[in-house]
S.K.: 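This is the structure I have questions about; it appears just below.
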Amino acid sequence: MNIVWTEVVVAALLLASGGIVLTAALGLWRLPDFFARMHAPALASTLATWLVGAATIVHFSIREGQLSLHVWLAVVLLSITAPVTTMVLARAALFRRRHAGDDLPPPLAGELPRQPRDLDAADD
């Protein structure tokens, strides 16, 4: 009888994770530009990873009869790398658009815009 409730909890966590990822996919489809589109998948992937990790912990802890926390390593690693990757992509896109001459907000106050290096002149 205990395993039935465990399966219901695991299924609910996995369905919630899938719903969050589906919502992020709709946000990716509906939002207007790159900078707005970045947020939906980055935030949703982190939350969905935590839900799948919780479902895995519940499933294997009940099945093995002891607390199984080894999956938290993957969850924590993904929770750290997903936002960092999103930030790096945003900075690269902002740099490319500024370099192309698009009308974007200027760099932070007090920060001078850097000029692109001429790689051919650096080789001399």
Side-chain angles (χ1 to χ4, degrees):
M1 188 73 169
N2 194 16
I3 293 182
V4 173
W5 286 106
T6 304
E7 291 174 357
V8 170
V9 169
V10 169
L13 288 169
L14 292 176
L15 285 173
S17 174
I20 289 169
V21 171
L22 180 62
T23 304
L26 291 174
L28 189 63
W29 178 50
R30 297 280 302 179
L31 292 171
D33 67 341
F34 176 77
F35 294 107
R37 286 183 191 139
M38 301 176 22
H39 295 289
L43 296 174
S45 67
T46 303
L47 181 57
T49 301
W50 281 93
L51 289 174
V52 170
T56 305
I57 288 172
V58 168
H59 175 75
F60 285 110
S61 294
I62 297 299
R63 189 162 293 254
E64 295 174 2
Q66 63 183 6
L67 190 59
S68 177
L69 294 178
H70 62 277
V71 73
W72 281 123
L73 181 62
V75 171
V76 168
L77 184 65
L78 285 172
S79 295
I80 292 170
T81 58
V84 170
T85 303
T86 302
M87 188 171 47
V88 170
L89 284 172
R91 289 181 60 101
L94 189 60
F95 174 78
R96 287 180 58 117
R97 292 200 40 200
R98 280 189 182 142
H99 190 66
D102 289 351
D103 186 28
L104 292 172
L108 296 174
E111 181 181 323
L112 296 174
R114 292 184 284 186
Q115 299 297 324
R117 278 185 9 187
D118 187 10
L119 295 178
D120 294 331
D123 292 336
D124 292 336

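Because only heavy atoms are used, hydrogens play no part in the values below, and waters and symmetry mates are left out as well, while side chains stay in.
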S.K.: Indicate if F95 and V88 have the same hydrophobic cluster label, given that clusters are the connected sets of ILVMFWY residues with side-chain heavy-atom separations under 4.5 angstrom.
M.R.: no
S.K.: If you look at every heavy atom in A42 and T86, which pair is closest and at what distance?
M.R.: CB-OG1, 3.1 Å
S.K.: NE2/H70 to CZ/F60 distance, rounded to the nearest 0.5 angstrom?
M.R.: 6.5 Å
S.K.: Which value, rounded to the nearest 0.5 Å, describes the distance between M87 atom CE and T85 atom OG1?
M.R.: 9.0 Å
S.K.: Starting from L14, walk the hydrophobic network (Ile, Leu, Val, Met, Phe, Trp, Tyr; side-chain heavy atoms closer than 4.5 Å) and list everyone else you reach, by chain and number.
M.R.: V9, V10, L13, I20, L47, L51, V52, V58
S.K.: With a 4.5 Å cut-off on side-chain heavy-atom distances among I, L, V, M, F, W and Y, is there a chain of contacts connecting L67 to W72?
M.R.: yes
S.K.: Looking at every non-hydrogen atom in both residues, tell me the closest pair between G53 and V71 and how far apart they are.
M.R.: O-CG1, 3.7 Å
S.K.: Tell me which one of L77, V76, V75, T81 satisfies side chain to side chain contact (heavy atoms under 4.5 Å, CB included) with S79.
M.R.: V75
S.K.: Are S45 and L78 packed together at the side-chain level, in the sense that at least one heavy-atom pair is separated by less than 4.5 angstrom?
M.R.: no
S.K.: Between S61 and H59, is there a side-chain donor-acceptor contact under 3.5 Å, judged purely by atom types and distance?
M.R.: no
S.K.: Looking at CG of L94 and CZ of F35, how far apart are the two atoms once the value is rounded to the nearest 0.5 Å?
M.R.: 5.0 Å
S.K.: What distance do M38 atom CE and L28 atom CG have between them, rounded to the nearest 0.5 Å?
M.R.: 11.5 Å
S.K.: Treating Ile, Leu, Val, Met, Phe, Trp and Tyr as nodes and any side-chain heavy-atom pair under 4.5 angstrom as an edge, say whether I57 and W50 lie in one connected cluster.
M.R.: yes
